[in-house]
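Values below: all heavy atoms of this structure, side chains included; hydrogens, waters and symmetry mates excluded.
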Amino acid sequence: MDETPGATLGRLILGFQVSQAIHVAATLGIADLLVDGPRTSDELAAATNSHAGSLYRLLRALASVGIFREGDGKRFALTPTGELLRSNVPGSLRGWAAFVGRPYFREAWSDLEYSIRTGENAFEHVHGTGIWSYRAERPDESAIFDRAMESLTGASNQALLDAYDFGRFGTVVDVGGGNGALLGALLGEFRAMRGVLVDQPHVVANAAAVLGRAGVADRCEIVGGSFFDKVPDGGDAYVLKSIIHDYEDERAVAILGVCLRAMGADTALLLIERIVGPPNEDAQTKFGDLNMLVAPAGRERTLEEWDDLLARSGFRLVTATPSASGLAVIEAVPGYG
């Protein structure tokens, strides 16, 4: 039986409750504890140092939306959806779920009305500083965010590899590449490729371990620095995954200008980003755009807006290749017209 409009609206209104419940389960590592089979809520409470009765209430609620499956005797098992809350599995979203429920992030979203009324950044309004400065001053939060980005990257890597031919590039410079999750996947897929990873020094601090686990550290140089200042030259392709959407046009043009100065005439710029879909579709990207407004003070863009931004930055749009992950590889080259 289809939902009534009232039931649908009511479910959507309370969506934050489901999100926060998933966040707690991810933080506690419940899915990892169920790898070997069902366990009772009491056993899971003992393993996570949680209140048994309250944990049961959390688990039964999540079972009602398909994250876990409740059996006799308050025993819980993983579902295919819940499997993606495990650590170190293909498509894992545990890091992302552990991040989105952090209090400082939720507090910014609670001030969404401020952004809508003023057009200004809610995060800075709430916390008195930008999101990047906030995390740079709080290493624990920065580490949680880095794991979230690694989680999202891991979930999308294969779809990107399936959609776009990265293998035609000899040296790839991953600008703002975090701890190297994407670059590690590229180097692992294409054994003749070499890589350069560029990000803030505190961000790339753990990259050697990530690239080492991928078995590609010997083919990758790690560079600490700001993409607002300089990026290494000599690459055949410059990849920026989910970077430019963090910024409004003025700062985005500045980042792309830094990349342009490092590039040769035949070098490719690869922006891995979402492209805003047509009216009444693409909720994920459009709510992601609200997240850009609230948190990092950026935006998601239509293909026409990407074309315009690239032109203003000295590039010419070549292709936009969609992938099954919802991300597209937007390829551009230096020069416009």
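With hydrogens and angles left out, the side-chain atoms of Glu300 and Thr285 include no donor and acceptor closer than 3.5 Å. For Trp132 and Asp246, the side-chain atoms include no donor-acceptor pair closer than 3.5 Å.
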side-chain contact (heavy atoms from CB on, under 4.5 Å) between Arg191 and Arg219, intermediate numbers included
CA-CA 9 Å; Arg191 296 296 176 178; Arg219 290 186 283 123; 3.5 Å; yes
Working for side-chain contact (heavy atoms from CB on, under 4.5 Å), residues Leu93 and Leu152:
CA-CA 7 Å; Leu93 292 173; Leu152 290 183; 3.9 Å; yes
Working note: Phe166 + Phe190, criterion ring pair (Phe, Tyr, Trp, His ring centres under 6.0 Å); need CA distance, chi angles, decisive distance, verdict.
CA-CA 8 Å; Phe166 293 93; Phe190 304 107; 7.1 Å; no
Applying side-chain hydrogen bond (donor to acceptor under 3.5 Å, both in side chains), run through Tyr56 and Glu70 and close with a yes or a no.
CA-CA 10 Å; Tyr56 171 68; Glu70 182 178 3; 2.7 Å; yes
Starting from the C-alpha separation in whole Å, work towards a yes-or-no answer on side-chain contact (heavy atoms from CB on, under 4.5 Å) for Val35 and Arg86.
CA-CA 8 Å; Val35 171; Arg86 290 176 52 193; 3.3 Å; yes
List the steps and the verdict of side-chain contact (heavy atoms from CB on, under 4.5 Å) for Val329 and Leu160.
CA-CA 8 Å; Val329 181; Leu160 293 168; 4.0 Å; yes
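Two residues are said to be in side-chain contact when any heavy atoms from C-beta on lie closer than 4.5 Å; Leu240 and Ile272 fail this criterion. Counting only heavy atoms from C-beta outward, the side chains of Arg299 and Tyr247 never approach each other to under 4.5 Å. Annotation: side chain of Val172 is in contact with side chain of Met193 (closest heavy-atom distance under 4.5 Å). For the pair Leu34 and Ile30, the minimum side-chain heavy-atom distance is below 4.5 Å. Two residues are said to be in side-chain contact when any heavy atoms from C-beta on lie closer than 4.5 Å; Leu211 and Ile222 meet this criterion. Contact check for Thr153 versus Lys241: side-chain heavy atoms found under the 4.5 Å cut-off. Residues His202 and Ser142 form a side-chain contact, since some pair of their non-hydrogen atoms from C-beta on lies under 4.5 Å apart.
Within 6.0 Å of atom CD in Gln284, 12 or fewer heavy atoms from other residues, nucleotides or ligands are found, so the atom counts as exposed in its surroundings. Residue-environment remark: CZ (Arg11) exceeds the threshold of 12 foreign heavy atoms within 6.0 Å. Other residues, nucleotides and ligands place more than 12 heavy atoms under 6.0 Å from the CG atom of Asp236. The neighbour count for Asp165 CG, taken as heavy atoms of other residues, nucleotides or ligands under 6.0 Å away, is above 12. Dense packing is recorded around CZ of Arg39, with more than 12 heavy atoms of other residues, nucleotides or ligands lying under 6.0 Å away. By the 6.0 Å contact criterion, CG on Asn88 is open, its count of non-hydrogen atoms from other residues, nucleotides or ligands being 12 or less. The number of heavy-atom neighbours closer than 6.0 Å to CG of Asp36, taken from other residues, nucleotides and ligands shown, is 12 or below.
Below 30°, between 30° and 60°, or above 60°: for Tyr134 and Tyr104 the angle between ring planes is below 30°, a parallel geometry. Aromatic ring orientation, Tyr114 versus His125: parallel (interplanar angle below 30°, classes split at 30° and 60°).
Of the residues listed (Val175, Val258, Leu256), the one engaging Tyr238 in a side chain to side chain contact (heavy atoms under 4.5 Å, CB included) is Val175, and it is the only one. Screening Leu33, Leu55, Leu44 against Leu28 for a side chain to side chain contact (heavy atoms under 4.5 Å, CB included) leaves a single residue, Leu55.
Cation-pi geometry between Arg94 and Trp96 is not met: the NZ or CZ atom fails to fall both under 6.0 Å from the ring centre and inside 45° of the normal.
Leu317 contributes atom CG, which lies 5.0 Å from atom CG of Asp307 (distance to the nearest 0.5 angstrom). With values rounded to the nearest 0.5 angstrom, Leu183 atom CG is found 12.0 Å from Asp199 atom CG.
A salt bridge is defined here as a Lys NZ or Arg NE, NH1 or NH2 lying under 4.0 Å from an Asp or Glu carboxylate O, and Glu150 with Arg147 fails to meet this definition. Taking 4.0 Å as the cut-off between side-chain N and carboxylate O, Arg117 and Glu113 count as a salt-bridged pair. A salt bridge links Asp249 with Arg312; the closest basic N to acidic carboxylate O contact falls under 4.0 Å. Ion pair Arg102/Glu141 flagged as a salt bridge, since at least one NZ, NE, NH1 or NH2 atom sits closer than 4.0 Å to an Asp/Glu carboxylate oxygen.
Counting all heavy atoms, side chain and backbone alike, Val223 lies closest to Pro232 at CG2-CG, 4.1 Å. Closest approach of Leu187 to Cys220, counting heavy atoms only: CD1-CB, 3.8 Å.
In this structure, Leu327 is not a member of the same hydrophobic cluster as Leu303, with clusters built from ILVMFWY side-chain heavy atoms closer than 4.5 Å. With hydrophobic clusters built from ILVMFWY side chains whose heavy atoms lie under 4.5 angstrom apart, Leu293 does not share a cluster with Val276. Met149 and Phe123 fall within a single hydrophobic cluster, where Ile, Leu, Val, Met, Phe, Trp and Tyr are joined by side-chain heavy atoms under 4.5 Å apart, directly or via other members.
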